[in-house]
Amino acid sequence: MALKIYNTLTRTKEEFTTLEPGKVRMYVCGPTVYADAHLGHAMSALVFDIARRYLEYKGYEVRYVMNFTDVDDKIINKANELGVDPFSLAEQYIAGYKRNLEELNIKPASVNPRATEDMPQIIEMIQQLIYNDSAYVVDGDVYYSVDSDDDYGKLSGRSIQTMNAGSRIQVDERKEHPMDFALWKSAKPGEPAWESPWGKGRPGWHIECSAMNMVHLGDQIDIHGGGNDLIFPHHENEIAQTESITGKPFARFWMHNGMMGLKDDKMSKSLGNMVTIDQFLSEHPGDVMRLWVLNGSYRSPLTYSEAVIEQTTQGYKRLLSAKKGALPGSAGLSENELAKLQDAAQAARQGFVEAMDDDFNTALAMATIYELGKTINQARADGATDTQLGTAQSVFDELTSTLGLKLEEETAVGTSADAFIDLLVALRRDLRAEKNWAMSDEIRDKLKSLGVILEDSKDGSTWSWES
RNA sequence: GGCGACGUGGCCAAGUGGUAAGGCAGGAGUCUGCAAAACUCUCAUCAUGGGUUCAAAUCCCAUCGUCGCCUCCA
């Protein structure tokens, strides 16, 4: 079966192939670190984590690079506001972001390069662009010349004639063309700066990604990802820069995730209408965030609301229910029933792969997982034993973990409490045998307030930590 | 003004030519001392108006609406 991926460059789904057999070179644009990351960052990070995990599931070896933009105007401004060093400010937000990613169960990147660490390559690329007549120097600044690039605009589907450069901001008069963009910015007093052939300064936003790609993945890569707000100008400019130097197609597949919205607007740092990852995770498990993304499709926008999170949480509990063990006193399934359960598991795996092969159709993949979960629950209700359930549950685990879901029961305090709860449940069993409903209900209610869910059946009780 | 995406049941959402996946919520049951969970059954003709076709949510045109990008943004 062949994986197809929607390529922004061609606006079609294409069969996925790699430059080097069995290996994927993948680059995803990370954040500019000047504020706490919000759910939009989480969405993007999750989307590409899911893609990466699925590629690995398919047997690819993935070299996954996600950068940090750790020097830029916003960081400098924020640092000045707070009266702190911009580098330590960036450091602090990088640490916070990495912690967020870990809490969301996002696999660490192969490498997290930073703009400030690849300065020699950045400067070298700018020099090559100048030699190529793709760039020019003005008073210590260096600009890329869009007129030098015949196919500028091919990713975003625009031409330099049709864009209203300067309709919303003032154009720098020194530029040869209004769309020209900065490769190198000369330093103002007090700003972080690096030595260069054009004087002290720092890199423009776009060139750093081109350079980090070059250093960590090479001239050409298989997948380049990011939010669809980066298509223009950021990714357009990356293509222009890199291809002007190499003369070869840069990324084979351009993948872009849809935007996270809050009510009527895009969630963004500059609009200030955001929910941070920290805020979200203080109230919900990381799995809920991931499941929310999985229930939709990565190219479509997602709108945050309490109602949707509540729905997702319910779905999450449903998934959890499939992982439960046999009911007390289960007699076991017949050969025939067991065979049906195992067939359903195999069918689910197949349906999962078909869905994911179609441009990571996670909503459809989740449908097969929900159905497998239902089949498992049916088997349990029909009296399956732990062992019998286990054969299907291992497939369930395989599929959910491929999507990065943890589906672990929360253990609130630690396992040391378990023995005490077991004891209470045992005592309560006796109370129930004596039909002391008042006392047994009180125990159940009190345990509930401590986060322990007790469930009775006619053959005994089970308990679990509330999720 | 230009470019692009989208509009499917109360909510989220798959489905791009053959009469609508899945989840949440709701309704009716089974089980149970009760509760919870689980299980069973139930719940839409796809923004609107035209057109193409034996056949359209799915193709074409128009209209209305929503969102993103054209400036830093995942």
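First the proteins, then the strands, lettered A, B, ... as listed; each starts at 1.
Among the nucleotides C12(B), A38(B), A74(B), the one closest to any side-chain atom of A381(A) is A38(B). Listed nucleotides: C24(B), A38(B), C69(B). Nearest to the side chain of Q311(A): C24(B). Relative to the side chain of R318(A), the nucleotides C24(B), U40(B), A74(B) differ in distance, and C24(B) lies closest. Of the candidate nucleotides C3(B), G23(B), C72(B), C3(B) has the atom lying nearest to any side-chain atom of R158(A). With C39(B), A74(B), C72(B) as the choices, the nucleotide that has an atom nearest any side-chain atom of S44(A) turns out to be A74(B). Nearest nucleotide to the side chain of E371(A), out of G22(B), C69(B), A74(B): G22(B).
No cation-pi contact links R11(A) to Y6(A), judged by a cut-off of 6.0 Å to the six-membered ring centre and 45° from its axis.
Taking the C1' atom of each, C41(B) and G7(B) are spaced 32 Å apart, rounded to whole Å. Here the separation of U19(B) from U45(B), taken at their C1' atoms, is 9 Å to the nearest Å. For the P atom pair drawn from U16(B) and C3(B), the interatomic distance equals 27 Å after rounding to whole Å. Using atom P as the reference point in both A62(B) and G1(B), the two lie 15 Å apart (nearest Å). Here the separation of U52(B) from A20(B), taken at their P atoms, is 24 Å to the nearest Å. Spacing of P atoms, G51(B) relative to A55(B), comes out at 12 Å, to the nearest Å. Only the P atoms considered, U58(B) is 33 Å distant from U40(B), to the nearest whole Å.
RNA chain B is contacted by no residue of residues 91-100 of chain A, taking any non-hydrogen atom closer than 4.0 Å. Only N361(A), A363(A), L364(A), A367(A), listed by number, bring a heavy atom of residues 361-369 of chain A to less than 4.0 angstrom from any atom of RNA chain B. Proximity of residues 383-398 of chain A to RNA chain B (heavy atom under 4.0 angstrom from any strand atom) is not detected for any residue.
Looking at residues two or more places apart in sequence or on another chain, you find no salt bridge (charged side-chain N to carboxylate O under 4.0 Å, His left out) involving E102(A). With sequence neighbours left out, the side chain to side chain donor-acceptor pair (under 3.5 Å) criterion links S457(A) to no other residue. Residues satisfying the salt bridge (charged side-chain N to carboxylate O under 4.0 Å, His left out) test with E176(A), not counting sequence neighbours, are none. Here R53(A) pairs with D49(A) under the salt bridge (charged side-chain N to carboxylate O under 4.0 Å, His left out) rule; sequence neighbours left out. Contacts of Y27(A) classified as ring-ring contact (aromatic ring centres under 6.0 Å, His included), with partners at least two apart in sequence or in another chain: H224(A). In this structure T10(A) satisfies the side chain to side chain donor-acceptor pair (under 3.5 Å) test together with T12(A), E14(A), sequence neighbours excluded. Y93(A) pairs by the ring-ring contact (aromatic ring centres under 6.0 Å, His included) definition with nothing, not counting sequence neighbours.
Using a cut-off of 4.0 Å between Lys/Arg side-chain N and Asp/Glu carboxylate O, R114(A) and E91(A) are scored as salt-bridged. Electrostatic pairing of R428(A) and E442(A) does not count as a salt bridge here, judged by no charged N lying under 4.0 Å from a carboxylate O. A salt bridge does not link R432(A) to D441(A): none of the charged side-chain nitrogens sits closer than 4.0 Å to a carboxylate oxygen. Residues K154(A) and D151(A) are paired through a salt bridge, judged by an N-O separation under 4.0 Å between the basic side chain and the carboxylate.
Contacts of S159(A) with the nucleic acid, taken as non-hydrogen atoms under 4.0 Å apart, are absent. N257(A) comes within 4.0 angstrom of a base, heavy atoms only. Residue contacts for S297(A): at a heavy-atom cut-off of 4.0 Å it reaches the sugar-phosphate backbone alone, with no base atom in range. Within 4.0 Å of G30(A), counting heavy atoms only, lie sugar-phosphate atoms of the nucleic acid but no base atom. At the heavy-atom level, G315(A) lies under 4.0 Å from the strands shown only through sugar-phosphate atoms. Among the heavy atoms of the strands, none lies under 4.0 Å from E310(A). As judged by a 4.0 angstrom heavy-atom cut-off over every strand, K374(A) is placed among residues touching the sugar-phosphate backbone only. Residue-level contact check: I231(A) touches neither bases nor backbone, having no heavy atom under 4.0 Å from any strand.
Position along RNA chain B of the nearest nucleotide to T312(A) versus F48(A) favours T312(A) as the more 5'-ward residue. The 5' end of RNA chain B is approached more closely, in terms of each residue's nearest nucleotide, by G373(A) than by the other of G373(A) and N228(A).
Base pairing of A25(B): no nucleotide in any strand meets the Watson-Crick or G-U wobble criterion (both distances under 3.5 Å). Nucleotide U32(B) forms a pair with no other nucleotide shown, judged by Watson-Crick or G-U wobble geometry with both contacts under 3.5 Å. The base-pairing partner of U58(B), taking Watson-Crick or G-U wobble contacts with both distances under 3.5 Å, does not exist among the strands shown. Using the Watson-Crick or G-U wobble rule with both distances under 3.5 Å, A37(B) pairs with nothing in any strand shown. Pairing of C64(B), defined by two Watson-Crick or G-U wobble distances under 3.5 Å, is identified with G7(B).
In this model, the phosphate group of A25(B) is approached by a side-chain N or O of Q314(A) to a distance below 4.0 Å at OP1 or OP2. Checking the phosphate oxygens (OP1, OP2) of A13(B), no side-chain nitrogen or oxygen of N295(A) falls inside 4.0 Å.
At most 12 heavy atoms of other shown residues, nucleotides or ligands fall within 6.0 angstrom of atom NZ in K4(A). Around atom NZ of K323(A), more than 12 heavy atoms belonging to other residues, nucleotides or ligands sit under 6.0 Å away.
H235(A) has its ring centre no less than 6.0 Å from the ring centre of H206(A).
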Each nucleotide of nucleotides 26-35 of chain B classed B (base within 4.0 Å of a protein heavy atom), S (only sugar-phosphate) or -, in 5' to 3' order, makes ------SBBB

Please list each protein N or O that sits under 3.5 Å from an N or O in nucleotides 44-47 of chain B, with the distance.
none

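C69(B) atom P lies 8 Å from atom CE of M259(A), rounded to whole Å.
If you take CZ on R290(A) and CG on N295(A), they are separated by 13.0 Å, rounding to the nearest 0.5 Å. Distance check, rounded to the nearest 0.5 Å: OG1 of T32(A) to CG of N67(A) gives 8.0 Å. To the nearest 0.5 angstrom, T313(A) atom OG1 is 12.0 Å from M289(A) atom CE.
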Yes or no on side-chain hydrogen bond (donor to acceptor under 3.5 Å, both in side chains) for Y54(A) and D357(A), after CA distance, side-chain angles and deciding distance? CA-CA 9 Å; Y54(A) 187 65; D357(A) 274 351; 2.9 Å; yes

